[in-house]
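Encoded as structure tokens, the structure appears first; notes follow it.
Quantities reported herein were computed from a predicted structural model and do not represent experimental measurements. Throughout, numbering of the chain's residues begins at 1 and tracks the sequence.
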Amino acid sequence: MNVLSIKIINADVSRGASTKSLGRRLAPYGFISPTAALLFVLMFIPIAMVVGYSVMDNVIVNKHPQFIGFDSYIKVLTNSVLPTAVMNTAVFTVVSVIAHLVLGLLFAMMLNTKLLSNVTTGLFRVIYILPWLFTVAIIAILWKLLLNPNGVINYALISLGLTDKGIEWLSSPATALIAVTFINIWAGYPFYMVSLLAGLQGIPKDLYEAAKVDGASGFQQFWSITLPQLKPIIISMSMLDVIWTSQQFALIWMTTGGGPINVTEMLSTFTYKLAFSNYQFSQASASAVMILVLSTILAFFYARYQKARD
């Protein structure tokens with residue numbers, strides 16, 4: 001075999017190795033390409049369309065829309081209902097997230113205790129997880145019936161002498177926001193409970209035994225061991241819950257519709273009404289883009305925290 005033949009063989013081997021290496025590098029992209037194509041069609045194209053609608057003159061109802069720049073954004077920002085929607089969304093989100101965390105942690109610690117028998121713990125787990133099993137439609141209908149002026153809750157309050165007549169929980173400006181916030185809290189705490197219960201069961205028992213030897217009280221063990229161990233879970237869930245709760249639409253729409261008198265108007269219902277009640281699709285698109293920007297910022301911080309945690 002001469003030198004030329006050896007060079008040709010080496011070139012073929014090198015070419016084959018580079019082809020295999022290229023195939024290995026491209027293989028992951030091949031696996032994710034169907035999902036990427038689906039995301040592109042179902043997410044990126046609609047987002048691009050909404051962004052385009054927001055800078056046009058009332059698309060959909062206008063046959064020949066014209067480019068108007070940021071006029072729709074200015075109209076949305078100067079809308080008299082927007083401050084109310086922002087404030088209601090902030091109150092609804094903050095109160096719900098804090099209550100979800102507190103209730104979820106309390107119930108998780110109760111289910112993790114050794115003071116209850118296995119049967120009792122199992123029964124409580126079934127009861128506490130029930131709200132998570134219901135769809136939003138069922139939750140809305142259930143609580144509308146319970147909070148009806150002639151419903152069970154008002155009947156109980158009247159029987160106990162706490163009120164003289166049935167309260168319009170979802171129709172009164174004084175109680176509507178409180179009522180929908182309570183419903184959202186009831187529907188969302190099981191997510192925290194299940195996650196925190198898993199976290200509690202993953203804490204090494206040696207830490208508590210060492211703390212007992214050092215004379216730490218129950219509260220000191222909770223503050224110095226339980227909370228620090230659960231901190232990553234709490235932060236992750238809270239960030240996700242802020243994103244989910246701030247975008248809540250179905251529950252609000254099916255219970256109060258944003259009323260009465262905008263008392264429960266949220267950013268989601270505000271945007272919906274711009275589009276399908278006022279037929280201002282350009283302004284609705286502008287509002288949706290602003291909500292998307294806020295959600296993206298929250299998602300960025302969540303992803304950044306998760307990356308730092310890993």
Side-chain angles (χ1 to χ4, degrees), residues 36-97 136 140 170-171 173 176-177 180-181 184 238-305:
L38 192 62
L39 284 174
F40 180 78
V41 173
L42 297 181
M43 187 171 73
F44 293 111
I45 291 180
I47 289 175
M49 292 175 64
V50 170
V51 174
Y53 290 165
S54 68
V55 295
M56 303 298 288
D57 180 22
N58 208 16
V59 291
I60 300 178
V61 296
N62 191 343
K63 188 175 182 179
H64 302 289
Q66 302 294 321
F67 179 79
I68 58 173
F70 294 100
D71 285 0
S72 294
Y73 291 89
I74 295 173
K75 289 179 180 178
V76 170
L77 292 173
T78 56
N79 192 308
S80 59
V81 181
L82 181 63
T84 302
V86 172
M87 181 59 67
N88 290 341
T89 303
V91 172
F92 179 76
T93 301
V94 171
V95 174
S96 294
V97 171
V136 177
L170 295 172
S171 302
L177 183 58
V180 295
T181 304
N184 188 67
S238 298
M239 287 183 174
L240 285 175
D241 198 19
V242 168
I243 296 173
W244 295 338
T245 306
S246 62
Q247 298 177 2
Q248 180 65 264
F249 170 78
L251 180 64
I252 304 298
W253 189 255
M254 297 184 70
T255 51
T256 64
I261 322 174
N262 299 327
V263 170
T264 61
E265 192 77 271
M266 306 291 168
L267 287 173
S268 56
T269 56
F270 169 74
T271 303
Y272 180 87
K273 288 179 180 179
L274 281 176
F276 300 105
S277 295
N278 302 331
Y279 302 107
Q280 297 293 334
F281 293 99
S282 294
Q283 293 183 36
S285 298
S287 177
V289 170
M290 289 189 287
I291 295 174
L292 174 64
V293 171
L294 292 175
S295 301
T296 302
I297 293 172
L298 293 173
F300 169 77
F301 283 110
Y302 172 74
R304 184 176 181 181
Y305 172 76

Could you check whether any side-chain heavy atom of Asn88 comes within less than 4.5 Å of a side-chain heavy atom of Leu177, counting everything from C-beta outward? yes

Correct closest heavy-atom pair for Ser285 and Tyr53 would be OG-CB, 3.3 Å

By side chain to side chain donor-acceptor pair (under 3.5 Å), Ser54 pairs with (sequence neighbours left out) Tyr73

Here the salt bridge (Lys or Arg N to Asp or Glu O under 4.0 Å) pairs for residues 47-62, sequence neighbours left out, are none

Can you give the donor-acceptor pairs under 3.5 Å from side chains of residues 252-262 to other protein atoms, not counting sequence neighbours?
residue	atom	partner	partner atom	Å
Thr255	OG1	Leu251	O	2.6
Thr255	OG1	Ile252	O	3.3
Thr256	OG1	Ile252	O	3.4
Thr256	OG1	Gly258	N	3.3
Thr256	OG1	Thr264	OG1	2.7

In short, salt bridge (Lys or Arg N to Asp or Glu O under 4.0 Å) pairs touching residues 282-302 with sequence neighbours left out are none

Can I get a per-line list of side-chain donor-acceptor pairs under 3.5 Å for residues 76-87, giving both atom names and the distance, sequence neighbours left out?
residue	atom	partner	partner atom	Å
Thr78	OG1	Ile74	O	2.7
Thr78	OG1	Lys75	O	3.2
Asn79	OD1	Val81	N	2.9

So CG of Leu39 and CD1 of Ile45: to nearest 0.5 Å the spacing works out to 11.5 Å

Residues 79-94 vs salt bridge (Lys or Arg N to Asp or Glu O under 4.0 Å), sequence neighbours excluded, gives none

Review item, side-chain donor-acceptor pairs of residues 293-302, under 3.5 Å, at least two apart:
residue	atom	partner	partner atom	Å
Ser295	OG	Gln247	NE2	2.5
Ser295	OG	Ile291	O	3.0
Thr296	OG1	Leu292	O	2.7

Contacts of Ser238 meeting side chain to side chain donor-acceptor pair (under 3.5 Å) (sequence neighbours excluded), chain-then-number -> none

For Pro65 and Val59, the nearest pair of non-hydrogen atoms, with its separation, is CB-CG1, 3.9 Å

Rounded to the nearest 0.5 angstrom, the CZ-CG distance for Phe281 and Leu274 is 10.5 Å

With sequence neighbours left out, the residues meeting side chain to side chain donor-acceptor pair (under 3.5 Å) with Ser287 are Thr271

For residues 261-270, the salt bridge (Lys or Arg N to Asp or Glu O under 4.0 Å) pairs (sequence neighbours left out) are Glu265-Lys273

Taken in chain and number order and not counting sequence neighbours, the residues that satisfy side chain to side chain donor-acceptor pair (under 3.5 Å) with Asn184 are Ser96, Gln248

Residue set satisfying side chain to side chain contact (heavy atoms under 4.5 Å, CB included) with Ser268, at least two apart, ordered chain then number -> Phe249, Met266

Without swapping roles, check the side chain of Thr89 against the backbone of Ser246 for a donor-acceptor pair under 3.5 Å. no

